[in-house]
Amino acid sequence: MAEKINYKSVILNPFSKNNPVIVQVLGICSALAVTAKLEPAIVMGVSVISVLAFSNVIISLLRNTIPTNIRIIVQLVVVAGLVVIVDQLLKAYAYDVSKQLSVFIGLIITNCILMGRLEAFAMANKPWPSFLDGIGNGIGYTIILVIVAFFRELLGSGTLLGYQVIPQSFYDAGYVNNGLMILPPMALIVVGCIIWVHRSINKDLQE
Amino acid sequence: MENFNLFIRSIFVDNMIFAYFLGMCSFLAVSKNVKTALGLGVAVTFMLVISLPINYLLNTYILSAGALSWLGPEYADVDLSFLSLIMFIAVIASMTQLVEMAVEKYSPSLYASLGIFLPLIAVNCAILGGSLFMQQRGFDSVWTAVCAGGGWGLGWLLAIVAIAAIRERLETYSNIPRPLRGIGITFILTALMGIAFMSFLGIKI
């Protein structure tokens, strides 16, 4: 690499300016599936951060030895191996959460953020910046998941992390949970609104 | 006849995009014009039709519980289903690589316009999702797998072409708030189409 990499921008850009979900539009499937409640969204985010960081490092170490034509298979094997490790760790130390998340942890393999970052960044950069890139993008993904899950759980179930937030007196006065928020299409609308707000602030991203 | 029913149901009722929200990434990013969307839709359909029967055979004769009994009675209690995720993704990835090389050779313009999303077909959730549904529902023959794969693929194609057509018109005929233009309005459109497609749920042909 002749060009010097600015580490700070590598890790901070994905938070907002180059967010994997709302700017690069990757990893939408799981963002829709796990955000009906806040807790699975957080665990999912942490799992994606760790898988993304370590797969970025491994692929970056291997990048000069992988033949171009079979690179996808190599990348998928690395990711699948890491996902199995995360799955087993969750089963060992956080069994309840892993039972809630079982399907979605498997779906990390097909999370487009992983392949996107491996193709776009880790294949061309050294291990340390790749690690930072993985951490940054994972955190960017988690931020969006948490925001979406916050609104969906608050409006859809009236709870946050399982605790009742909206007081009983509201329900007595005729307040009803918005059942539509639990359905997957509403996650799309919430993400759409986040993009709206985000692009109102960052005018250079507007089309 | 049963397979034909499954085929139709897979297109409309069990639509990959609107009922399961699988394969959203490429759906949102490659739907700017109808021609590219059609190209990707055909590629995804092709991948589903090829990978589903292969994974079906793998699952039936090697991976599921007791599947190895054709080797001999002593293998009857071997259960390799914990390997299925890795095996499915390996089949899908190698098939994608083949398709990518073929497209690069025979249609460089399509290759250039699909860009990074051609390799991303391998991680298109719709394709792995198709194989996992196949395993979960226990299809009874290879033809069932072919029909379901074709149906899911065509449903995905229908969805991406529909949204691409809407987005093409949107550019000329509507006055969307500037920050919402592009990807923002596409999310909301997809949500509205998804709610519309929910009316198909529960229909039996």
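Labels below follow one simple rule: chain letters A, B, ... track the order of the sequence lines, proteins then strands, and each chain is numbered from 1.
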TODO: Calculate, to the nearest 0.5 Å, the distance between atoms CD1 and CG belonging to A:I189 and B:L192 respectively.
DONE: 5.5 Å
TODO: Select, from B:L28, B:I188, B:I185, B:I127, the one with the greatest count of heavy-atom pairs under 4.5 Å involving chain A.
DONE: B:L28
- [ ] Verify the neighbour count for atom CZ of A:F170: are there more than 12 heavy atoms of other residues, nucleotides or ligands below 6.0 Å?
- [x] no
- [ ] Taking all heavy atoms of A:R199 and all of B:R181, pick out the closest pair and write down the distance.
- [x] NH1-O, 3.7 Å
TODO: For residues B:I195 and A:P185, report the shortest heavy-atom separation together with the two atoms involved.
DONE: CG1-CB, 3.6 Å
Task: Other residues, nucleotides, ligands: >12 heavy atoms within 6.0 Å of B:Y61 OH - done: no
Open item on the list: Heavy-atom cut-off 4.5 Å, strictly under: side chain, backbone, both or neither for B:M193 against chain A?
Closed with: neither
- [ ] Going by the side-chain contact (heavy atoms from CB on, under 4.5 Å) test, name the single residue among B:I89, B:T96, B:I92 that passes it with A:L76.
- [x] B:I89
Task: Side chain / backbone / both / neither for B:L180 at chain A, heavy atoms under 4.5 Å - done: both
Task: Minimum-distance pair of heavy atoms, taken over all atoms of A:W196 and B:P177 - done: CZ2-CG, 4.0 Å
Task: Other residues, nucleotides, ligands: >12 heavy atoms within 6.0 Å of A:F151 CZ - done: no
TODO: Count the heavy atoms belonging to other residues, nucleotides or ligands that lie under 6.0 Å from CZ of B:F133, then report whether that count exceeds 12.
DONE: yes
